[in-house]
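Working notes, structure below.
Since the structure is predicted, the reported quantities are computational estimates derived from the model, not experimental observations.
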Amino acid sequence: RVRVNGVEYGISNTGISYDAVTGRLAWTRSRVAPLAPVFTNGQVVTAELLAASDSAGNALQNPTNVSWTLRLPHVVISEVNTAEHWAEIRALSGPVDVSKLVLSDMDGRDDALVTNTVTLSNGQFAVVRWGPGVDETDLVGDANGNGYVDLYVTNAPPDAGDEELALLSGGTVLDAVAWENGDVTILRPELHDMQDLVKQGAWTGIFVLTNQTNSVYYPPSYGGSIGRHLLAVDSNTKEDWKAQIHSSPGRENEGDLTPP
């Protein structure tokens, strides 16, 4: 049995797993039942091993515990262009290593960024492109000379209609954006994804099948991008975002346009 922040879980719980090869006992927040609350930046997490036995049946003699303070990288999604198949992320504090972060559409298309170190300084951008290319890690540097970090992932890009994009670190949502195409209704799978983001504190609003008013307006006919226009404020609402007159990968967003 293990206890995480005061809640006990048995080995039969779906979120508890043991790897006999590595000897590692894992607790996965997104899989435990009941679902555990999302840990927030700066929160103290305490994990306790209460009872266990080895293959010979010898029981754990002394329960053990460990505590740590969760420190999440302060990185946000700052621009998305579905037509050109890229998303921009930005470090709002740094330096921070963004390798191993994951971009997810919350529907199973999870794109893990490169495993080698990619350090962003305070305010620096990285542009993640869906398609082939050379990841500009710290070791590679600015290989194409465009002045910002280019990273590449291989899954299908986010949809141009009702969609959301989340930036994850170890299963925790660091940031997210939800957009809609203006046809009033939301597809049921996307509705569930948006409601999940709200539950995790990564987006704000009430979503039902006939309500798109809490998503960023991004009609498919619009050829530009949507970009964060209040970088000093991350309120997890559509008010943080505007459609952009000109896409601006790797640099400050240039201007706002609310499409007709």
Does [X] reach the side chain of [Y], with side-chain heavy atoms less than 4.5 Å apart?
{"X": "T82", "Y": "Y218", "answer": "yes"}
{"X": "W27", "Y": "Y9", "answer": "yes"}
{"X": "R129", "Y": "V127", "answer": "yes"}
{"X": "V149", "Y": "D142", "answer": "no"}
{"X": "L60", "Y": "L49", "answer": "yes"}
{"X": "L25", "Y": "I11", "answer": "yes"}
{"X": "R90", "Y": "V75", "answer": "no"}

Please find the pair of heavy atoms, one from [X] and one from [Y], that lie closest to each other, and give the distance.
{"X": "V153", "Y": "A112", "answer": "CG1-O, 3.9 Å"}
{"X": "W86", "Y": "S247", "answer": "CZ2-CB, 3.8 Å"}
{"X": "L165", "Y": "A87", "answer": "CD2-CB, 3.8 Å"}
{"X": "L101", "Y": "S169", "answer": "CD2-CB, 3.7 Å"}
{"X": "L113", "Y": "V98", "answer": "CD1-O, 3.6 Å"}
{"X": "M194", "Y": "E163", "answer": "CE-O, 3.9 Å"}

Applying side chain to side chain contact (heavy atoms under 4.5 Å, CB included) to D162 and W179, what does each step give before you reach the verdict? CA-CA 6 Å; D162 303 337; W179 62 88; over 6 Å; no

Margin query: What's the separation between atom CZ in F125 and atom CG in N253, rounded to the nearest 0.5 Å?
Written below: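 F125 CZ to N253 CG: 6.5 Å, rounded to 0.5 Å.
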
> For the atom pair OG1 (T204) and CG (D240), what is the distance rounded to the nearest 0.5 Å?
Replying inline: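 Output value for this atom pair is 8.5 Å.
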
Side chain to side chain donor-acceptor pair (under 3.5 Å) between W130 and D111, intermediate numbers included | CA-CA 9 Å; W130 281 267; D111 286 296; 2.8 Å; yes

**OP:** May I ask you to decide if I16's main-chain N or O and N13's side chain share a donor-acceptor pair within less than 3.5 Å?
**Re:**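 A pair under 3.5 Å: no.
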
Are [X] and [Y] ion-paired here, with the side-chain N under 4.0 Å from a carboxylate O?
{"X": "D175", "Y": "R228", "value": "yes"}
{"X": "E79", "Y": "R251", "value": "no"}
{"X": "K238", "Y": "E180", "value": "no"}
{"X": "R109", "Y": "D159", "value": "yes"}

Regarding N58 and S53, is there a side-chain donor-to-acceptor distance under 3.5 Å anywhere?
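There is no such pair between these side chains.
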
query: If we ignore angles and hydrogens, is there a donor and acceptor under 3.5 Å between the side chains of D138 and T119?
result: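 Result is yes, a qualifying pair exists.
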
### Query
Given S67, which of T46, V45, N5 fulfils the side chain to side chain contact (heavy atoms under 4.5 Å, CB included) condition?
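Looking at T46, V45, N5, the match for S67 under the side chain to side chain contact (heavy atoms under 4.5 Å, CB included) is T46.
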
Exercise. Between D135 and N116, is a side chain to side chain donor-acceptor pair (under 3.5 Å) present by the stated rule, with each step listed?
Worked result: CA-CA 9 Å; D135 290 310; N116 293 331; over 6 Å; no

Exercise. Go through the steps for W203 and T237 under the test side chain to side chain contact (heavy atoms under 4.5 Å, CB included), then give the verdict.
Key: CA-CA 6 Å; W203 197 249; T237 67; 5.6 Å; no

Exercise. Linking I/L/V/M/F/W/Y whenever their side-chain heavy atoms sit closer than 4.5 Å, directly or via other members, would V216 and I77 fall into one cluster?
Worked result: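 As far as the 4.5 Å side-chain criterion goes, I77 and V216 are connected within one cluster.
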
